[in-house]
Amino acid sequence: MRQESGHIDGSPVLASTPGAQPALAPSAAGAGAAPADGAVTLPRIGRLPRLRGLQVPRALYEATAGKIALGTIVAGALVMVLWSTHGPTNLVPRSSEIFAPWEAGPLYGLLGGFKAGVTATNYALSALILIMLAAYGVALLALRTLSARMIVVTIVAANLILMLGPPFQLTDMGNYLGYARLGGLHGMNPYTHVIGQEMHDPIYHFATWDNLHSPYGELFTALSYPLAFVPIPVAYWIVKVVTFLLSLTFIGIVCWCAKRLGRDPRYAAVLVGLNPIYLVYAVGGFHNDFFMLVPLTASIAFLLARRDKSAGAMLVIAVAVKFSAVLLLPFLLVAARPARRRLQVIYGCVLAGIPLLVMSLILFGFSIPNLSQQGSLLTPFSFPNLFGYFIGVGGGTSGVLRLADVALVAAVVLLLRRQGDWLTRAGWATFALIASLAWVMPWYVIWLLPLAALGSSQRLRRVAVALTVFLVLVFLPSSTKFWNLINFNPLSGSAGQASSSLQAKLSSYSAETAAMQANQ
């Protein structure tokens, strides 16, 4: 496939044989052409800002440091799982109310009668995440010394360990099963009914959004319906195992794309698969983003393989899982040259879109996912809320959010008009999307990571790593104490207070709410 010309940041070419001294050669000229002699381009994060007189110790680039970093990441995942399975803890949502052995997993009680309070858990978990973040940085620095086998074993081991534990903290697992049983078992449309209306169903005790119409895509919702007809523990483990497999599939597709582009797949695997947010929040929380990311990255892979109809079809499947995937479409069309290839992409979109539309109409009628309410909620450190807070308008007000939407559209238009690597431009558009959202969760960074790994921009990779660090720091379990200590609360403004009130309403389904909805 003919790619758009783009500078590869002057990156050297790294011989694919691990363990040997890297053989440097001129970088490949084209973004889509693989270098000769089996050598592939190793992207770089780029130079990080240095404090005066402070340099990165040379030892961190060596094989020993890299191996220790990989071992630390696996050990961190194991400690986190053991900590979360020893008994009820604030690390697992609602475990103080109900913590069944099937939820805890096969490692349940392995630590015996070990007890830890809320404060100790928060500090311990925060320290563990920071250690994993530091190990991630060292793994990137020492990447040249790490073999592909070592990286693959580390990723598989970390994912497998996390699969054995319960969902961590910010998780929607109970909501996925709640909406599945709401529609599949109780015959109520998840887009017009809420989980609270099945409060006598056992799954109600595991859900977190009791009074929110489902925001999840039609395809994901339809695929979840069969889970309603098996016991909850079985459905729970099906979701976990499928998420584990999709996570590995996602990383595999990203690595395939990297190799197709003439880049070292080890870099893509480490940048994406060993990211602490990817492991702790995305895999550890068993989020449905993987159901979207697999077809989305598959659409990129198909386009690189010149299978344009399949690329379009896969992207529509991704959109049917999570609407945010639609952002990639204009960039796929830009990359598909000449015009006949663009028509093939559109044709694939239509071929996949028609049956998905029919399915949606049959199952859900004309109701659609509830993105409006979720889009009006604020997280303290979303960029629009911080912007509104610092300029003194009360946080992420409706005016600030509209401004963020306009800025997103303008950014996408400008990126489409620019020349250069289409994957890099899609990555910047994805960053602009994350920056425009009022409700930002840490695992949203995994939308950006594959595009940063595959694109040719050092700056985009630095931004992806910086965003990871930012989200890790602001979502640390112990960070609340720090913000309280310095009297900093971005939700203290009028918009934040309104959002907190709405969030409380959407997460609580009371008898009064039931009576009011019955009378409507």
Side-chain angles (χ1 to χ4, degrees), residues 1-9 30-32 43 254 257 260-261 263 292-293 295-320 322-350 352-353 371 375 383-384 401-437 444-464 467:
M1 171 182 171
R2 183 186 175 194
Q3 295 289 320
E4 296 177 79
S5 60
H7 183 50
I8 320 258
D9 299 317
V254 173
C257 291
R260 181 82 181 189
L261 290 165
R263 314 241 171 86
M292 176 268 286
L293 286 169
L296 184 141
T297 51
S299 70
I300 296 174
F302 279 126
L303 193 76
L304 295 177
R306 302 185 68 88
R307 297 176 61 180
D308 302 320
K309 281 190 291 188
S310 297
M314 278 293 160
L315 184 59
V316 169
I317 290 173
V319 173
K322 209 157 196 172
F323 185 73
S324 58
V326 75
L327 188 64
L328 185 64
L329 178 58
F331 296 95
L332 277 185
L333 296 176
V334 165
R337 297 177 179 176
R340 59 181 177 81
R341 293 192 60 203
R342 292 176 184 154
L343 292 176
Q344 290 295 301
V345 172
I346 295 173
Y347 184 44
C349 291
V350 173
L371 299 178
F383 291 104
L401 297 184
R402 282 195 296 270
L403 180 62
D405 291 338
V406 171
L408 172 62
V409 172
V412 172
V413 171
L414 290 174
L415 288 165
L416 289 170
R417 292 174 61 88
R418 288 183 60 183
Q419 299 298 314
D421 176 23
W422 70 276
L423 285 166
T424 293
R425 288 185 282 164
W428 284 118
T430 302
F431 174 72
L433 170 64
I434 296 171
S436 72
L437 295 176
Y444 289 4
V445 75
I446 71 173
W447 305 350
L448 174 61
L449 288 174
L451 295 168
L454 298 176
S456 60
S457 171
Q458 281 188 14
R459 185 175 299 171
L460 180 61
R461 289 190 284 275
R462 290 197 298 266
V463 166
L467 181 62

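Hydrogens, waters and symmetry mates play no part in the numbers below; they use all other heavy atoms, side chains included.
- Counting heavy atoms from C-beta on, the side chains of V254 and L449 never come closer than 4.5 Å.
- In this structure, CG on L454 lies 6.0 Å from CG on L261, to the nearest 0.5 angstrom.
- Rounding to the nearest 0.5 Å places CG of L315 at 6.0 Å from SG of C349.
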Problem set entry | Chi angles and distances behind the side chain to side chain contact (heavy atoms under 4.5 Å, CB included) call for I434, V445 | CA-CA 8 Å; I434 296 171; V445 75; 5.5 Å; no
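- Atom-to-atom distance recorded for L327:CG and L415:CG is 9.0 Å, nearest 0.5 angstrom.
- Remark: side-chain polar atoms of R418 are not paired, donor with acceptor, to backbone N or O of R425 under 3.5 angstrom.
- Atoms CG and CG, from D421 and L451 in turn, are 9.5 Å apart once rounded to the nearest 0.5 Å.
- Residues R341 and L303 have side chains in contact (heavy-atom distance under 4.5 Å, counting atoms from C-beta outward).
- For the atom pair CD1 (I300) and CG (L423), the distance works out to 5.5 Å, reported to the nearest 0.5 Å.
- P450 approaches T297 most closely through the heavy-atom pair CB-CG2, 4.3 Å.
- Across all their heavy atoms, D308 and Q344 have their closest contact at CB-CB, 3.7 Å.
- Of all heavy-atom pairs between A404 and P384, the closest is CB-CG, 4.1 Å.
- Below 30°, between 30° and 60°, or above 60°: for Y444 and W447 the angle between ring planes is below 30°, a parallel geometry.
- Scanning all heavy atoms of the two residues, the minimum distance from V412 to A429 falls at CG2-CB, 4.2 Å.
- Atom OG of S299 sits about 5.0 Å away from atom CG of L328, to the nearest 0.5 Å.
- Contact of the L333 side chain with the I346 side chain is registered, since non-hydrogen atoms from C-beta on lie closer than 4.5 Å.
- Taking the side chain as every heavy atom from C-beta outward, R402 and V406 never approach each other to under 4.5 Å.
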Exercise. Does the side chain to side chain contact (heavy atoms under 4.5 Å, CB included) test come out yes or no for F383 and L437, once each step is laid out?
Worked result: CA-CA 7 Å; F383 291 104; L437 295 176; over 6 Å; no
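- Taking each heavy atom of M292 and S324 in turn, the nearest pair found is CE-OG, 4.1 Å.
- Under the 4.5 Å side-chain criterion, counting only non-hydrogen atoms from C-beta, F331 is not in contact with T424.
- Between the side chain of R263 and the backbone N or O of C257, no donor-acceptor pair lies under 3.5 Å.
- Counting all heavy atoms, side chain and backbone alike, G375 lies closest to L401 at O-CD1, 4.2 Å.
- Remark: the backbone N or O of F302 is not paired with any side-chain donor or acceptor of R307 at under 3.5 angstrom.
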